[in-house]
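Written below as structure tokens is the structure these notes are about.
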Protein chains: 2
Amino acid sequence: MEKKRNAFEMNIAAIKLMIEQDGLVPGDRIPSERELAERLAISRPSVREALRTLAYLGIIETRHGGGSFLLNRDDHTYIQIIAQFLVTGDSKFEDLAGTLRLLEQSAFNQMTDHTILEEHVGSDAAFRETIISTVKNDLFERIWRQVNAFYQSFGQGELYTRAEREALLKRS
Amino acid sequence: MEKKRNAFEMNIAAIKLMIEQDGLVPGDRIPSERELAERLAISRPSVREALRTLAYLGIIETRHGGGSFLLNRDDHTYIQIIAQFLVTGDSKFEDLAGTLRLLEQSAFNQMTDHTILEEHVGSDAAFRETIISTVKNDLFERIWRQVNAFYQSFGQGELYTRAEREALLKRS
DNA sequence: AGGTGGTAATGGTCAGACCAATTACCCCTT
DNA sequence: AAGGGGTAATTGGTCTGACCATTACCACCT
């Protein structure tokens with residue numbers, strides 16, 4: 001008997017259920033706030049609290065005067081949200097570079113053919129991007145991309161020098 | 001010049017900033033909705049929309065009549081939220097295990113002394129936890145912990161068999 | 001000092017209003 | 001009939017105020 005839960009979470013679940021039952025697909029418009037309030041028998045402020053959360057998570061997009069629309073899964077931003085809260089803690093900046101090195105090293109080690117990196121040895125960004133892309137793991141890639149974005153936001157330059165990149169290739 | 005952003009997201013950022021500036025730590029009570037509305041010069045409904053989102057993400061916890069409290073980072077529930085939305089689609093669950101393996105492999109490779117792992121070879125969880133802890137990188141450890149929590153939420157068992165763990169040690 | 005009750009503070013929810021932006025529609029012109 | 005323009009309706013954005021439910025606080029009584 002734990003169906004109590006917060007009414008707020010129930011509202012989110014109800015909206016998601018309604019979206020599913022109505023057979024809405026990404027790009028479709030969901031009912032207006034006033035219509036949702038009526039169908040769910042709750043007030044518009046309550047509907048808005050749920051919709052704002054869904055919008056923050058990237059599930060939907062709201063356009064002033066236009067309505068709310070279901071977004072594609074690729075547009076979902078919860079990964080960014082997680083990273084945002086992960087990084088804004090007391091983690092030190094040098095952790096960023098260290099984490100990037102660890103991620104890229106593990107990706108590099110699992111590569112079977114390193115020759116495709118030779119053409120990118122001149123560019124730090126392309127070199128590292130190529131390494132990550134060979135993993136063929138979407139979650140891993142998104143994590144790396146987020147950490148890298150934070151690293152870049154600090155205005156840092158290259159993570160490796162050209163000599164380091166060449167040494168990596170020579171060693172393999 | 002893209003500081004426009006949604007007022008809603010600015011409110012969330014403002015609340016997070018206020019929490020930081022006030023030096024609040026997990027467990028502390030944050031100002032009441034009415035006080036927040038006054039300090040941020042916005043209405044209570046707007047404050048609530050932001051607070052409900054933070055509560056849904058597990059950043060804060062609200063108690064009816066009691067107030068809102070800052071939660072521990074470990075209590076954050078965005079992992080469950082992601083799972084909730086991700087699991088309904090063509091979720092690539094295997095990405096989880098793959099990402100964990102990559103993270104732990106990179107951590108393992110940069111260890112200089114593998115002997116401390118011998119006493120934990122009997123426990124998959126302790127074995128992997130020990131590997132990660134040797135990195136001494138807070139951000140890396142938090143990322144791994146989140147991904148691992150996500151993996152555990154699927155009710156999965158051991159990531160490696162005992163034989164695999166022993167083979168790892170023997171090879172080093 | 002300990003328990004107890006009342007009161008204040010706080011979150012939960014709602015109704016209604018008004019503004020801003022967009023969309024839909026109808027009418028007019030050509 | 002087709003196109004364009006302008007107005008009305010729709011929809012999200014925000015606020016005010018109110019009331020209830022729950023909790024926290026504190027003075028009071030025993």
Side-chain angles (χ1 to χ4, degrees), chain A residues 1-19 22 24-71 75 77, chain B residues 1-19 22 24-71 75 77:
Chain A
M1 191 75 63
E2 46 115 4
K3 74 167 180 180
K4 203 165 167 239
R5 290 175 69 187
N6 287 343
F8 170 73
E9 294 186 11
M10 287 178 56
N11 292 340
I12 288 187
I15 291 177
K16 286 204 304 169
L17 180 64
M18 174 177 298
I19 288 174
D22 288 2
L24 302 184
V25 298
D28 285 351
R29 198 173 99 174
I30 68 177
S32 71
E33 297 178 353
R34 291 168 177 85
E35 183 178 342
L36 282 173
E38 189 176 4
R39 285 176 61 175
L40 300 178
I42 56 179
S43 68
R44 190 154 87 99
S46 295
V47 170
R48 280 188 58 84
E49 288 177 0
L51 288 185
R52 301 282 69 212
T53 297
L54 291 175
Y56 190 70
L57 292 173
I59 311 294
I60 65 173
E61 179 192 38
T62 57
R63 305 175 197 157
H64 188 177
S68 294
F69 299 82
L70 217 55
L71 286 183
D75 298 331
T77 55
Chain B
M1 193 78 62
E2 47 118 3
K3 71 169 182 178
K4 206 168 164 232
R5 289 178 73 184
N6 288 342
F8 169 73
E9 295 186 8
M10 287 179 55
N11 292 341
I12 289 188
I15 291 177
K16 284 203 303 170
L17 180 64
M18 174 178 299
I19 288 175
D22 287 4
L24 301 184
V25 298
D28 285 352
R29 199 171 101 175
I30 69 177
S32 70
E33 296 178 352
R34 291 168 177 86
E35 182 178 344
L36 282 173
E38 189 177 5
R39 284 178 61 175
L40 301 178
I42 56 180
S43 67
R44 189 154 89 97
S46 296
V47 169
R48 281 188 58 83
E49 288 177 1
L51 287 185
R52 300 290 54 222
T53 297
L54 290 176
Y56 191 69
L57 292 173
I59 312 291
I60 63 173
E61 180 191 38
T62 57
R63 304 177 198 156
H64 188 176
S68 295
F69 298 81
L70 217 56
L71 287 184
D75 297 334
T77 56

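Note on naming: letters A, B, ... go to the chains in the order of the sequence lines (proteins, then strands), and numbering restarts at 1 for each one.
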Discussion item. When you compare the side chains of A/Thr62 and A/Ser68, does any donor N or O come within less than 3.5 Å of an acceptor on the partner?
Written reply: no

Fill in: Touch class at under 4.0 angstrom, heavy-atom based, for A/Arg48 against every strand present
base

Discussion item. I'd like to know whether CD of A/Glu38 has more than 12 heavy-atom contacts from other residues, nucleotides or ligands below 6.0 angstrom.
Written reply: no

Practice prompt. Examine distances only and state if a side-chain atom of A/Asp28 and a backbone atom of A/Val25 form a donor-acceptor pair shorter than 3.5 Å.
Written response: yes

Worksheet entry | Polar side-chain contact A/Arg34-D/dG12 base: donor and acceptor under 3.5 Å | yes

Worksheet item: With no hydrogens and no angle check, is any side-chain donor or acceptor of A/Arg29 less than 3.5 Å from a backbone partner on A/Gly66?
Response: yes

Item to complete: Find the distance A/Ile60:CD1 to D/dT11:P and express it as a whole number of Å.
Response: 15 Å

Discussion item. What is the distance, to the nearest angstrom, from the CD atom on B/Glu9 to the C1' atom on D/dG12?
Written reply: 15 Å

Worksheet entry | Trace of the side-chain contact (heavy atoms from CB on, under 4.5 Å) decision for A/Leu57 with B/Leu57 | CA-CA 9 Å; A/Leu57 292 173; B/Leu57 292 173; 3.8 Å; yes

Item to complete: Could you tell me the separation between the CD atom of B/Glu49 and the C1' atom of D/dT14, rounded to a whole number of Å?
Response: 9 Å

Worksheet entry | Any donor-acceptor N/O pair, A/Asn11 side chain to A/Ala7 backbone, under 3.5 Å | yes

Worksheet item: Between A/Glu33 (CD) and D/dC15 (P), how many Å, whole number?
Response: 14 Å

Worksheet entry | Positional range of nucleotides in DNA chain C within the contact set of chain B, heavy-atom, under 4.0 Å | C/dT10 to C/dT13

Worksheet item: In whole Å, what is the span from the CD atom of B/Glu61 to the P atom of D/dT22?
Response: 17 Å

Item to complete: Could you say whether B/Ile42 or B/Phe69 is positioned toward the 5' end of DNA chain D, judged by the nucleotide with the nearest heavy atom to each?
Response: B/Ile42

Worksheet item: Which comes earlier along DNA chain C counting from the 5' end, the contact point of B/Ser68 or that of A/Gly66, where each point is its nearest nucleotide?
Response: B/Ser68

Fill in: D/dT11 phosphate, OP1 or OP2, under 4.0 Å from A/Arg29 side-chain N/O
yes

Discussion item. Using a 5.5 Å cut-off between ring centres and planes within 30 degrees, is A/His64 stacked on the base of D/dG13?
Written reply: no

Worksheet item: Are the side chain of B/Arg52 and the backbone of A/Arg52 linked by a donor-acceptor contact shorter than 3.5 Å?
Response: no

Worksheet item: Does any donor-acceptor pair link the side chain of A/Arg44 with the base of D/dT14 at a separation under 3.5 Å?
Response: yes

